[in-house]
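One structure is given below, encoded as structure tokens.
In what follows, residues are counted from 1 in the order of the sequence shown.
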Amino acid sequence: MTESHRSFFEELNWFDAEQCARLDDELRWARAECPVVHTSYDGGMYIVTRYDDLRTVAEHPEVFSSTMPGVNQVPVALPPLDLDPPLHREFRNFLNRPFSRASLVRYQDVLEKLADDLIDGFIADGQVEFVSGFAIPFTAGSLAKVVLDDDNTERLQRAVAAVTAVSVEN
């Protein structure tokens, strides 16, 4: 590993805009030269950069556990993301039905409006920081609507704000 790459990954902060701007190039290098790199960020972790290696990790929870999520020790549990089998499988089975295409189709108009409203909030700027400007609020809004199945706008907005705060605070 060259000193420049070693320094980048050792000092990597997933929330630093300058580092994130370099991340694609650094990960491209890692996939070609060092497919599993270490960073000291947030107590230390390994970054797996190749698909086949990532599958190996995902298929062997007895070796590579999900119970300790990486970035910033998320302050709330995020099942099934932070669970290992068999509990992970039980949560997935529980969630599969309400999040199936057949179940979600009834929310299509609401979710399309949510996406349109979010886009309307940044389209005039001609750009958006995708994760914080669209992905997190869209996911939070979608989950709030589907999970709560509630038409109370104020309650849904509070749920979205809570999920968004947990997602972006570090």
Side-chain angles (χ1 to χ4, degrees), residues 1-96 99 111 114-115 118-119 121-144 146-147 159-170:
M1 185 184 294
T2 68
E3 191 59 38
S4 170
H5 297 295
R6 180 179 14 259
S7 175
F8 176 83
F9 283 107
E10 276 303 312
E11 298 169 12
L12 178 59
N13 177 341
W14 297 101
F15 296 97
D16 181 276
E18 288 180 29
Q19 288 182 330
C20 286
R22 284 182 52 194
L23 192 55
D24 285 344
D25 291 336
E26 295 293 340
L27 289 172
R28 191 174 302 108
W29 172 86
R31 276 189 297 278
E33 301 296 329
C34 184
V36 179
V37 293
H38 184 267
T39 178
S40 296
Y41 183 73
D42 199 32
M45 66 184 81
Y46 290 90
I47 303 167
V48 180
T49 65
R50 291 183 182 164
Y51 176 79
D52 288 339
D53 297 329
L54 189 56
R55 278 199 59 160
T56 298
V57 168
E59 292 171 353
H60 294 282
E62 71 282 3
V63 176
F64 306 101
S65 177
S66 296
T67 60
M68 182 70 150
V71 180
N72 281 329
Q73 315 302 304
V74 178
V76 295
L78 297 172
L81 298 177
D82 55 4
L83 297 173
D84 289 332
L87 197 51
H88 176 269
R89 195 172 308 110
E90 292 173 21
F91 267 86
R92 287 292 303 266
N93 288 339
F94 174 76
L95 294 171
N96 280 345
F99 289 101
L111 300 182
L114 175 59
L118 289 168
I119 292 168
F122 60 74
I123 197 162
D125 299 336
Q127 64 182 10
V128 64
E129 196 294 308
F130 184 76
V131 172
S132 63
F134 185 83
I136 290 173
F138 181 77
T139 303
S142 300
L143 287 173
V146 172
V147 170
V160 169
V163 171
T164 301
V166 167
S167 301
V168 299
E169 290 179 4
N170 57 13

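No side-chain heavy atom of Leu12 sits less than 4.5 Å from a side-chain heavy atom of Val37. Contact annotation: the side chain of Thr56 never approaches that of Val63 to less than 4.5 Å [non-hydrogen atoms, C-beta and beyond].
Here Glu33 pairs with nothing under the side chain to side chain donor-acceptor pair (under 3.5 Å) rule; sequence neighbours left out. Asp16 pairs by the side chain to side chain contact (heavy atoms under 4.5 Å, CB included) definition with Asn13, Glu18, Gln19, not counting sequence neighbours. Qualifying side chain to side chain contact (heavy atoms under 4.5 Å, CB included) partners for Tyr46, counting only residues two or more places apart in sequence or in other chains: Val36, His38. For Phe122, the side chain to side chain contact (heavy atoms under 4.5 Å, CB included) partners at least two apart in sequence or on another chain are Ile119, Asp125, Val128, Phe134. The side chain to side chain contact (heavy atoms under 4.5 Å, CB included) search around Pro80 returns His88, Phe91, Arg92, Leu95, not counting sequence neighbours.
Thr39 places a side-chain N or O within 3.5 Å of a backbone atom of Phe9 that can act as its donor or acceptor partner. Side chain of Thr49 to backbone of Pro35: a donor-acceptor contact under 3.5 angstrom is found.
Rounding to the nearest 0.5 angstrom, the gap separating the OG1 atom in Thr139 from the CG atom in Leu114 is 9.0 Å. The line from OG of Ser4 to CZ of Arg22 is 5.0 Å long, rounded to the nearest 0.5 Å.
For Gly133 against Leu118, the heavy-atom pair with the smallest separation is O-CD2, 4.4 Å. Counting all heavy atoms, side chain and backbone alike, Ser66 lies closest to Asp84 at N-OD1, 2.8 Å.
The environment of Ile123 atom CD1 is sparse: at most 12 non-hydrogen atoms of other residues, nucleotides or ligands sit within 6.0 angstrom. Counted within 6.0 Å of CZ on Phe94, heavy atoms from surrounding residues, nucleotides or ligands total 12 or fewer; the atom is thus considered open.
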Inset, instruction - Start with the C-alpha gap between Leu54 and Phe64, add the side-chain angles, then the distance that decides, and say whether side chain to side chain contact (heavy atoms under 4.5 Å, CB included) holds. - result: CA-CA 10 Å; Leu54 189 56; Phe64 306 101; over 6 Å; no
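Listed by first then second residue, pairs satisfying salt bridge (charged side-chain N to carboxylate O under 4.0 Å, His left out) with a partner in residues 49-65 read Arg55-Glu59, not counting sequence neighbours.
Here Asp25 pairs with Arg28 in a salt bridge; the nearest charged N to carboxylate O distance falls below 4.0 Å.
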